Amino acid sequence: MAKTLIIVESPAKAKTIAKFLGRNYTIKPSMGHLRDLPRSQFAVDVENGFEPRYITIRGKGPIVKELRSAAQKSQRVLLATDPDREGEAIAWHLQHLLNLPPDPIRIEFNEITPKAVQEAIKNPRVINQFYVDAQQARRVLDRIVGYKLSPLLWRKVRKGLSAGRVQSVAVRLIVDREQEIEAFESEEYWSLTAWLLSEGENKAFPAKLLKYQGQELVISSEAEMTKITAALEGATYRVSDIKQRERRKNPAPPFTTSTLQQEAYRKLNFTARRTMQVAQQLYEGLELGGSEGTVGLITYIRTDSTRVASVAQLEARDYLAERFGKEYVPEKPRQYKGRKGSQDAHEAIRPTSVWREPLTVKNNLTRDQYRLYSLIWERFVASQMEAAVIDTVTANIDAGPYLFRATGSVIKFPGYLRVYQENVNGEEKEQEQEQSLPSLKVGQVLGLANLEPKQHFTQPPPRYTEASLVKTMEELAIGRPSTYAPTIETILQRGYVVREQKQFIPTELGRVVVVLLKQHFPDIIDVEFTAQMEEQLDLIEEGKLPWRKVLADFYQPFQQLLERAEKEIGTVELPQEISEEKCENCNRNLVVKMGRYGKFLACPGFPECRFTKPLVDSIGVTCPQCGGNIVARRSKKGRKFFGCQNYPECNFVSWDKPTEQNCPHCGTRLVEKSSRQGTRLVCPNKECKYVEQVKETLP
DNA sequence: CAGTGAGCGAGCTTCCGCTTGACTT
C-alpha cells in the first residue's frame, strides 16, 4: 500500500530498476528535462538578476500529469535523475512541478545494480542548490549568447541564421582549418629505401635512409637523390648496431559516446546520427527469443565516462579465462581514467553481458545493429584483456657516411589484439611494422638488392570529418554526448558547411559569419570560451560564486559589444555562388538563389531574363526509362524524392532511391528502402513484392 | 512528385542539454 515513487530519466532505466525493487516501489521516467525556457521568447529578465521564466516543454505535459498523479498515489517520492549537473536541475524542476517538500528526497547511483540502488535509497539527501544554480547559469548563458547573436545575424547577414556557444565554435574550427589548407605550400621531399639481403636468405628486407655523417638528411629534389643513389650503388652495407626491445601495447578503453561515434564512422562508415539511432535500438533492447524476452544489449549510450561497473569487470574476467585462457586475464582489472571535466554520470558503453557474444545474437539483429554491437562488444572485451607483447628489433646499417635503419617486429603474445584493433588514423596502417627481420649480427655485411627512391610532397592538414570534428569538440569540452550529432546537423542545415566526400568544407556563408563573430565577439567564438565557462560553473557548484554574478560579469561587456556590432556592421554582402551551368536564353552563367523552396539556379539577368532551373544533386544512378541521370530533388512540402534529370521529357519519379539492380522476378529496377531494421532492396512493382536483404559483409 | 527571385512589410526565425518517439505519404 505505502508505495514509494522513484523518478528516473529514462524508461529503460525505470524498467531495470523496477525488476529488482519489489512491489512497494513505482518507477517512472521523466524522459529528460520537463521544464525549460520557452523557445518563442527570450524569457530571461536581465534587469532582475537574470531571472529565468520556465515553462513546461511542449509535448511533455502528459508526462508531468502522469508523474503528478503517481506522486499523489505514493506515500513518498524519491528523485533519482542522473548524478550530474543536468540531473540535479531536472530533480529541482520536478520538486517544483510536483510540489515536493525541501526534504531529503534526492538519491543518486552510478551503477544500476540492486546493491547500488538500495544503498542510494537508504541515503537520500536534499537537492544541491549549488549544482542547480550552475545548471541555470549554463542554461541562461547559452540563451543569452544564442538569442542575442542569432537576431544580429538575421539583421546583418540573412534571416534564419543562428549562432551559439557550441555551434559557432564548431564552424570556426572548420573555417580555420580550411584557411590553413589554403595557406599551405606543398614541398617536395624524397625518401630512399634500400632492399638488403642477409647471407643465405633469399628475401630482401627494407631499410630507410636516415642520416648522412650523423646529421638528419633532408632530400628535396630529384637531382640530389640521383647523386646519393649513385654514391650508394657501390657502397658496402654493414650492420653497425642492433637493439632488441620488448614493447607492451595496452588496449584502448571502452567506448564513450564520442569514441563510439568516431570508431563507428571510421570502421563502419556510420554518421554520428546513424550510430546513435542504432545504438539506441541496442540499448532499448530486442526480442532475443528463448527465455530471455526483451533484453537491453548495451548500457546507456550518452556518456563521457570510461568507468566500468565492477560486476562487469568480474564477468569479463570469467569470460576471458574460459574462452581464451588465464594468460589473457590481467592481474588486476583494468580501470581507465576519465577525461578531465568528465561528468561521469553513466558508465562506459559496454555490452550488458559479455556472454552475449555477437554471433549468438546475430540472427536477432539487423545488419547495422549486428555490426555496431560487435564493435562495442569487442572493444569492451579487449579493454579488459592483457596487453599485447611485441618484440621489436632495430638495426642500424652503415653505408659509408650514410646511415640506414631497418625495423622489424614480431608479436610475441597477442593479448587483446586477438579481439580488437583500434583504427587510429583512417585506413593507413603501417604494414611494415608487422614484418620481421632476418637474424642479423653486428659487423655483418649485407648485399644490396635494390635502391628505391620515392618522391613525396608534404600534405596540408586534413579537413575535418565527422569523426575528427567530434573528437576535437570532445577534447575542447565543447558540447556534450547528447549534442555532438545534433550540432553537426545544425551547422549543415544552416548552410555554414557542406559535406563533400566525407569531409567538412565551409561555405561562403560560414566564412562570412565566422569573420563577423571573430571581429566583434572574439572571446565567445574562442575555443577556450567553454572551458572558462566550466571553471566558473565549478566555482558555483562549490558555493564560492553566485550564479547571477557570473551572468552579470558576462553580460555587461557582452551588451557593449552587441551595441557596437549593431552600429558598426553594415549589411553583409554574400558573394553570389556562380554555377557552371549556362542560361539557355542568354548563355550567361547561372547563379544560385534562395527561394521559397530552397536553393535554385537562376539567370543573373533578372528581370530581363527570367530563366530558372532547379538545383539538383546527381546520385550516380541511371534512369530506367531513358538512361539519363537520376537526381535527388525536393517536393514543395520539402520531402526528398528522386526524378530523372531529363524532366519533363522523361517523367520517371520515385520516392525511394533507385539502384542499378534489376528485380530477378519481374525485371523492374529495384529501389532502396530504409527502415528501422536497416536498408533493403525492394521491387517497386506492387504485384511482385520481391525483397532482397542486404548481405552481411562481416565474418 | 517538378515551384521559386522586386515590390507591401505581418510574423517569423534562434541557443544548449536531457530524454524518446512518429502522421509513412
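On a predicted model such as this, the values are computed, not experimentally measured, just so you know. Hydrogens, waters and symmetry mates play no part in the numbers below; they use all other heavy atoms, side chains included.
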Does [X] put a side-chain nitrogen or oxygen below 4.0 Å from OP1 or OP2 of [N]?
{"X": "A:Arg302", "N": "B:dT20", "result": "yes"}
{"X": "A:Tyr484", "N": "B:dG17", "result": "no"}
{"X": "A:Arg610", "N": "B:dT4", "result": "no"}

Residues within [range] bordering DNA chain B, heavy-atom distance below 4.0 Å:
{"range": "residues 515-535 of chain A", "result": "none"}
{"range": "residues 146-162 of chain A", "result": "A:Gly146, A:Tyr147, A:Ser150, A:Pro151, A:Trp154, A:Lys159, A:Gly160, A:Leu161, A:Ser162"}
{"range": "residues 46-63 of chain A", "result": "none"}
{"range": "residues 473-480 of chain A", "result": "A:Gly479, A:Arg480"}
{"range": "residues 81-92 of chain A", "result": "A:Asp82, A:Glu86"}

Summary of side-chain hydrogen bond (donor to acceptor under 3.5 Å, both in side chains) pairs that have at least one residue in [range], sequence neighbours excluded:
{"range": "residues 516-528 of chain A", "answer": "A:Asp176-A:Lys518"}
{"range": "residues 139-149 of chain A", "answer": "A:Asp36-A:Arg139, A:Arg138-A:Asp142, A:Asp142-A:Arg165"}
{"range": "residues 39-50 of chain A", "answer": "A:Gln41-A:Arg53"}

Return the minimal non-hydrogen interatomic distance between [X] and [Y], and the atom names on each side.
{"X": "A:Ile524", "Y": "A:Phe554", "result": "CD1-CZ, 3.9 Å"}
{"X": "A:Arg548", "Y": "A:Gly49", "result": "NH1-O, 2.7 Å"}
{"X": "A:Arg106", "Y": "A:Leu79", "result": "NH1-O, 3.4 Å"}
{"X": "A:Ile478", "Y": "A:Tyr484", "result": "O-CE2, 3.8 Å"}
{"X": "A:Thr487", "Y": "A:Ala170", "result": "CG2-CB, 4.5 Å"}

Can a donor-acceptor pair be found, under 3.5 Å and without considering hydrogens, that links the side chain of [X] to the backbone of [Y]?
{"X": "A:Arg85", "Y": "A:Ala134", "answer": "no"}
{"X": "A:Asn589", "Y": "A:Ser579", "answer": "yes"}
{"X": "A:Thr659", "Y": "A:Leu670", "answer": "yes"}
{"X": "A:Thr81", "Y": "A:Gly87", "answer": "yes"}
{"X": "A:Glu9", "Y": "A:Asp82", "answer": "yes"}
{"X": "A:Thr483", "Y": "A:Gly479", "answer": "no"}
{"X": "A:Lys60", "Y": "A:His33", "answer": "yes"}

Applying a 4.0 Å non-hydrogen cut-off, can you work out what [X] is touching in the nucleic acid: base, sugar-phosphate, or nothing?
{"X": "A:Val166", "result": "sugar-phosphate"}
{"X": "A:Pro486", "result": "nothing"}
{"X": "A:His346", "result": "sugar-phosphate"}
{"X": "A:Cys650", "result": "nothing"}
{"X": "A:Gly164", "result": "sugar-phosphate"}
{"X": "A:Phe42", "result": "nothing"}
{"X": "A:Gln280", "result": "sugar-phosphate"}
{"X": "A:Ser168", "result": "nothing"}
{"X": "A:Phe652", "result": "base"}

(request) Quick one: sort the A:Phe558 and A:Phe521 rings into parallel, tilted or perpendicular, breaks at 30° and 60°. (result)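 Plane angle between 30° and 60°, so tilted.
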(request) Establish whether the base of B:dC15 is bridged to the side chain of A:Arg39 by a donor-acceptor pair shorter than 3.5 Å. (result)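 Such a pair does not exist between side chain and base.
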Can you tell which of [options] lies closest to the side chain of [X]?
{"X": "A:Ser10", "options": "B:dC16, B:dT20, B:dG5", "value": "B:dT20"}
{"X": "A:Arg143", "options": "B:dG17, B:dT20, B:dC15", "value": "B:dC15"}
{"X": "A:Gln167", "options": "B:dC16, B:dC18, B:dT20", "value": "B:dC16"}
{"X": "A:Glu9", "options": "B:dT20, B:dG5, B:dT19", "value": "B:dT19"}
{"X": "A:Arg165", "options": "B:dC16, B:dT19, B:dC15", "value": "B:dC16"}
{"X": "A:Phe641", "options": "B:dC15, B:dA2, B:dG17", "value": "B:dA2"}
{"X": "A:Asp142", "options": "B:dC16, B:dC18, B:dT20", "value": "B:dC16"}

(request) Nearest-nucleotide wise, let me know which of A:Thr487 and A:Pro614 is further upstream toward the 5' end of DNA chain B. (result)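 That would be A:Pro614.
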(message) Assuming nearest nucleotide by heavy-atom distance, tell me which of A:Tyr283 and A:Ala602 is located more 5' along DNA chain B.
(response)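 The residue closer to the strand's 5' end, by nearest nucleotide, is A:Ala602.
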Taking only distance into account, with no hydrogens and no angle test, what donor-acceptor pairs under 3.5 Å do side-chain atoms of residues 641-651 of chain A form with protein atoms, sequence neighbours excluded?
| from | atom 1 | to | atom 2 | distance (Å) |
| --- | --- | --- | --- | --- |
| A:Gln645 | OE1 | A:Asn629 | N | 3.3 |

Whole-Å distance between [N] [atom2] and [X] [atom1]?
{"X": "A:Met276", "N": "B:dG17", "atom1": "CE", "atom2": "C1'", "value": "13 Å"}
{"X": "A:Gln493", "N": "B:dT14", "atom1": "CD", "atom2": "C1'", "value": "12 Å"}
{"X": "A:Lys613", "N": "B:dG5", "atom1": "NZ", "atom2": "P", "value": "19 Å"}
{"X": "A:Leu551", "N": "B:dC15", "atom1": "CG", "atom2": "C1'", "value": "14 Å"}
{"X": "A:Leu94", "N": "B:dC18", "atom1": "CG", "atom2": "C1'", "value": "12 Å"}

(request) Only pairs at least two apart or in different chains count here, so list each salt bridge (charged side-chain N to carboxylate O under 4.0 Å, His left out) that has a residue in residues 578-587 of chain A. (result)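 The answer is A:Glu581-A:Lys613.
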(request) Please list all pairs passing the salt bridge (charged side-chain N to carboxylate O under 4.0 Å, His left out) test where one or both residues lie in residues 478-493 of chain A, with sequence neighbours left out. (result)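 Applying salt bridge (charged side-chain N to carboxylate O under 4.0 Å, His left out) to every pair that reaches into residues 478-493 of chain A, excluding sequence neighbours, yields A:Arg273-A:Glu489, A:Asp304-A:Arg480.
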(request) Starting at the 5' end of DNA chain B, write a dot or bracket for each base, bracketing those in Watson-Crick or G-U wobble pairs whose two distances are under 3.5 Å and using | for partners on another strand. (result) .........................
(message) Any carboxylate oxygen within less than 4.0 angstrom of a Lys/Arg side-chain nitrogen, looking at A:Glu111 and A:Arg307?
(response)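 Salt bridge absent between A:Glu111 and A:Arg307.
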(request) Please measure how far the C1' atom in B:dT13 lies from the corresponding atom in B:dG9, and state the result in whole Å. (result)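 Straight-line distance between the two C1' atoms is 16 Å.
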(message) Does the structure show A:Tyr647 stacking with B:dA2, if we require the centres to be closer than 5.5 Å and the planes to be within less than 30 degrees of parallel?
(response)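 Yes, the aromatic ring of A:Tyr647 stacks with the base.
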(request) Determine whether the side chains of A:Ser162 and A:Arg494 contain a donor N or O and an acceptor N or O closer than 3.5 Å. (result)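 A:Ser162 vs A:Arg494: donor-acceptor pair found between side chains.
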